[in-house]
Each structure stands twice: as structure tokens, then as C-alpha cells.
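Here's the structure, in C-alpha cells; my notes come after.
Computed from a predicted structure; not experimentally measured. Counting starts at 1 for both ligands and their atoms, in listed order.
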Amino acid sequence: MYPDRVVSGMRPTGSMHLGHYHGALKNWIRMQTELPCLYFVADWHALTTHYDDPAVIERSTWDMLVDWLAAGVDPSQSTLFIQSRVPEHAELHLLLSMATPLGWLERVPTYKDQIENLASKDLATYGFLGYPLLQAADVLIYRASQVPVGEDQVPHIEMMREIARRFNHLYGKEKGFEEKAQDAVKKLGSKRAKLYNELRTEYQQDGKEEALAQAKAMLDDAQSLSMGDRERLFGYLEGSRKLILVEPQARLTEAARLPGLDGRKMSKSYGNAIALREDKESVSKKIKTMPTDPARVRRSDAGDPERCPVWQFHQVYSDAPTQEWVVKGCKSAGIGCIECKQPVIDAIVKEQEPMHERAQPYLDDPSLVRAIVADGNDMARKLALETMRDVREAMGLAYT
Ligand code: TRP
Ligand code: SF4
């Protein structure tokens with residue numbers, strides 16, 4: 001009923017590295033050619049953990065935007081904006097908070113994990129508990145259908161779906177809904193009306209998902225319906241409520257994950273990262289000093305790629321023949337580690353070349369980035385306001 005739309009965000013808490021690129025950005029770039037996409041800097045989310053160090057957020061916001069552009073996020077296809085420049089996210093977060101059970105927030109796995117992992121910070125705050133709810137507002141405010149995220153974020157998307165469902169259940173009620181919905185069915189014309197009723201019964205009685213999908217497709221094609229009738233007919237298919245907010249779906253990155261230089265998760269704080277726009281010499285030096293299978297003390301010792309982080313880089317960067325060359329050469333001590341690393345260095349340098357090129361104009365003239373974001377903020381705000389109008393009305397806040 002609402003157009004397909006993609007929304008995702010990243011927290012500006014430090015510089016971006018190749019782990020971010022392979023884990024998330026590549027997915028963003030792929031999706032921008034398929035659907036309308038909105039990508040934002042989640043600066044408020046960064047404050048939930050960095051409330052005592054806001055300077056890093058400001059700096060990282062602009063660096064991160066240059067990194068996105070460098071990586072290939074295309075401002076003529078995607079809308080780029082900054083969360084705090086669309087204050088309606090905060091309004092929706094507040095409104096959603098009224099009916100969100102505390103237990104939903106406390107049960108999100110990242111909540112307890114992060115409190116333990118970041119023990120040096122006091123995260124027993126109201127803002128941090130609300131992190132996934134703010135995230136729900138970020139997505140629901142655009143009625144996004146898809147959210148490209150990493151695996152760790154899936155529970156957040158699940159919770160968003162519950163929040164949307166609960167909202168529609170509580171506030172999608174309408175006086176005389178049944179009658180209005182049945183009138184709307186008649187307006188479909190007799191043939192379509194009959195099909196609609198059959199498909200609705202099939203879905204509601206037998207739980208047939210295809211029937212639901214077919215009915216939705218039919219409604220998408222029914223041009224003559226008013227917006228109100230359309231909402232009712234979509235809602236009536238599944239129950240007796242209007243659908244004001246949309247339940248989004250997670251879109252996971254399929255690609256192999258790129259670990260850090262030492263085989264742990266790539267992270268600037270572990271000192272095992274390669275920056276997105278790292279210079280060539282530094283890439284080469286970092287890979288050359290990367291640890292390998294500890295069993296290969298001498299050149300003549302055979303190794304096992306499974307015990308070597310360089311192999312994980314080959315899995316991301318090398319084609320099948322090269323990978324075969326690595327496995328054979330490593331296990332037979334036919335190649336040395338320096339030799340083995342060279343194709344990885346070459347592939348990373350090649351991947352980064354266009355990134356350096358794309359970044360240059362923005363580094364030369366930072367006002368270009370400001371202008372892209374100003375446009376994006378306006379665009380996002382317009383869409384957010386449309387949803388907020390419906391939300392305010394549904395919650396009985398549209399006083400005149
Ligand atoms: N929580 C996300 C992360 O840490 C960032 C984020 C904030 C986000 N709001 C979002 C991601 C909305 C997707 C959609 O990666
Ligand atoms: Fe690792 Fe390659 Fe050396 Fe084997 S040859 S240990 S895969 S760097």
C-alpha cells in the first residue's frame with residue numbers, strides 16, 4: 001500500500017573502515033539502484049553511548065558522509081541526511097514510548113551485552129535503554145519496507161515490527177470501521193470485490209500467505225481508490241484496523257565478513273582496522289605485518305589457511321584460482337606468506353582507488369557535502385511530516 005522504501009543509518013562514533021564497507025555499505029550501494037533509499041547519520045544514537053564526548057560525533061559525522069560518498073553512495077539516487085536535523089524522529093520516539101512495555105527494551109540482546117562490553121561507561125541511562133525504540137522511530141517514520149543491517153541488528157528490526165503492529169492495533173481503530181471497509185470493498189467493482197472477499201477469507205481462515213499477497217497486489221493495481229479506502233482495505237485483509245505504520249523487513253548482507261588484521265572483529269579500538277581511505281603505503285605495510293598461521297615459523301614449514309587471518313581476506317578479495325593457489329601453496333609450503341599476501345594488497349589498493357578519487361572533490365570543497373545533506377534533510381523531513389500527520393491524527397493529537 002505504501003511505496004517500497006529502504007532506510008538505514010550508522011552511528012558517527014569514529015572513522016569508517018573496510019569492515020564497515022564490506023559489512024554494510026556495499027549493501028547500501030547495491031540497494032540504491034533497486035529502490036528509493038534514505039541513509040542517515042544516527043548522531044542521536046551516537047550520543048546514547050558518547051554523551052560525555054560529543055566532539056567526536058561532530059567530527060565523525062562529516063568524515064562519515066565523505067566516506068559514504070567515496071564508497072559509492074550516490075546522492076543523485078539516495079537521500080543522505082542527519083537524524084537530528086529531522087526532529088520528528090524524536091517526536092515519534094516519544095509517542096511510541098508511551099505504549100512500549102519496558103520488558104521489550106530490556107530483553108533486546110544488545111542491551112545487556114553493551115552494558116557489559118562498555119563497562120567503563122555508565123550506560124544505565126534512560127537514553128540508552130531507549131536506543132532500539134529510537135531506531136524504530138527512525139524506520140517507521142518513513143514507512144520503510146526494508147532495512148539493510150548486519151546480523152546483530154536483527155532483534156532490533158523484530159522489535160520494530162512489534163512496535164508497528166502494536167501501534168496499528170491501538171490507534172488504527174476507527175468508528176464504524178467494518179461498515180466503511182465493506183463500502184470500500186463494493187467500490188472495487190463486483191468482480192474484484194468478490195475476489196477480495198475470497199482471498200480475505202482464505203487468509204483469515206486458512207492462514208494462506210499467498211492469498212494475502214495476491215489481495216495486496218490486486219489493491220496496488222486498483223487505481224480508483226481514495227487513500228482512506230485503500231488503508232481500510234489493506235487493514236481489513238488482516239484484521240479490523242487501519243495500517244498506519246508499516247512493518248519493515250531486515251535485509252542482511254550476504255557477503256563474507258571481513259575480520260580485522262588480527263582475525264578479531266575489525267574495529268578501530270582494537271587497532272586492527274584498515275581505514276576506508278587509507279593510503280596505499282600504509283595498506284601495504286599493514287598487510288605485510290599481519291599475523292599468519294603461527295605454525296609457519298620458517299618458510300619451509302607448511303601451514304593451514306584455516307588458522308590464518310590472511311586467508312579470510314582472500315575469501316573476500318580473491319577469485320577461485322587465486323584461492324586454490326593459496327590453499328595448495330600454504331599447505332605444501334610452496335609459497336611464502338609475503339608472496340601470499342601480495343594479491344590481497346593489490347586487491348585492496350584497487351578497491352580503494354576509486355574511493356580516493358570520489359572523495360577528492362568533497363575534500364577540496366566541503367560545502368558540497370553540506371549542500372547534499374541540506375537537500376537530504378529537507379527531503380527526509382517532508383516524508384517524516386506526512387507520517388507524523390497520520391500518527392498525530394490517529395493518536396487524537398490533531399487538535400484544531
Ligand atoms: N543501530 C544501528 C547500528 O548500530 C544504527 C541505526 C540507528 C540504524 N538507527 C537505525 C540502522 C535505523 C538501521 C535503521 O548499526
Ligand atoms: Fe596465511 Fe598465506 Fe601464509 Fe598460509 S601462506 S599462513 S594462508 S599468509
- Task: Identify which one of R251, E34, Q249, R5 satisfies the side chain to side chain donor-acceptor pair (under 3.5 Å) criterion when paired with Q146.
- Result: R251

- Quick one: give me the number of protein N/O/S atoms under 2.8 Å from atom 1 (Fe) of ligand 2.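 Atoms of protein N, O or S type lying less than 2.8 Å from atom 1 (Fe) of ligand 2 total 1.
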
Is any side-chain N of the basic residue among [X] and [Y] closer than 4.0 Å to the acidic one's carboxylate O?
{"X": "K208", "Y": "D206", "answer": "no"}
{"X": "E238", "Y": "R165", "answer": "no"}
{"X": "R143", "Y": "E386", "answer": "no"}

- Might you list the protein residues in contact with ligand 1, defined as having a heavy atom under 4.0 Å from one of its atoms, sorted by chain and number?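 S8, G9, R11, F40, A42, H45, Y131, Q135, D138, V139, V147, V149, Q153.
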
- Would you check if there is a donor-acceptor pair between the side chains of N27 and R30 at a distance under 3.5 Å?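 The answer is yes; a qualifying pair exists.
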
- Message: Once you measure the plane-to-plane angle for H17 and H20, does it fall in the parallel (<30°), tilted (30-60°) or perpendicular (>60°) bin?
- Response: parallel

- Task: Could you name each residue pair satisfying side chain to side chain donor-acceptor pair (under 3.5 Å) that touches residues 75-89, not counting sequence neighbours?
- Result: Q32-S78, D43-S84, H45-Q83, D74-S76, D74-Q77, Q83-D138, E88-R381, H89-D138, H89-Y142

- Query: Is there a donor-acceptor pair closer than 3.5 Å between any side-chain N or O of Q352 and the backbone N or O of V349?
  - Reply: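 Between the backbone of V349 and the side chain of Q352 there is no qualifying donor-acceptor contact (under 3.5 Å).
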
Show me, pair by pair, the donor-acceptor contacts under 3.5 angstrom made by side chains of residues 97-117, not counting sequence neighbours?
{"unit_1": "S97", "atom_1": "OG", "unit_2": "L94", "atom_2": "O", "d": "2.6"}
{"unit_1": "T100", "atom_1": "OG1", "unit_2": "L96", "atom_2": "O", "d": "2.7"}
{"unit_1": "T110", "atom_1": "OG1", "unit_2": "H156", "atom_2": "NE2", "d": "2.7"}

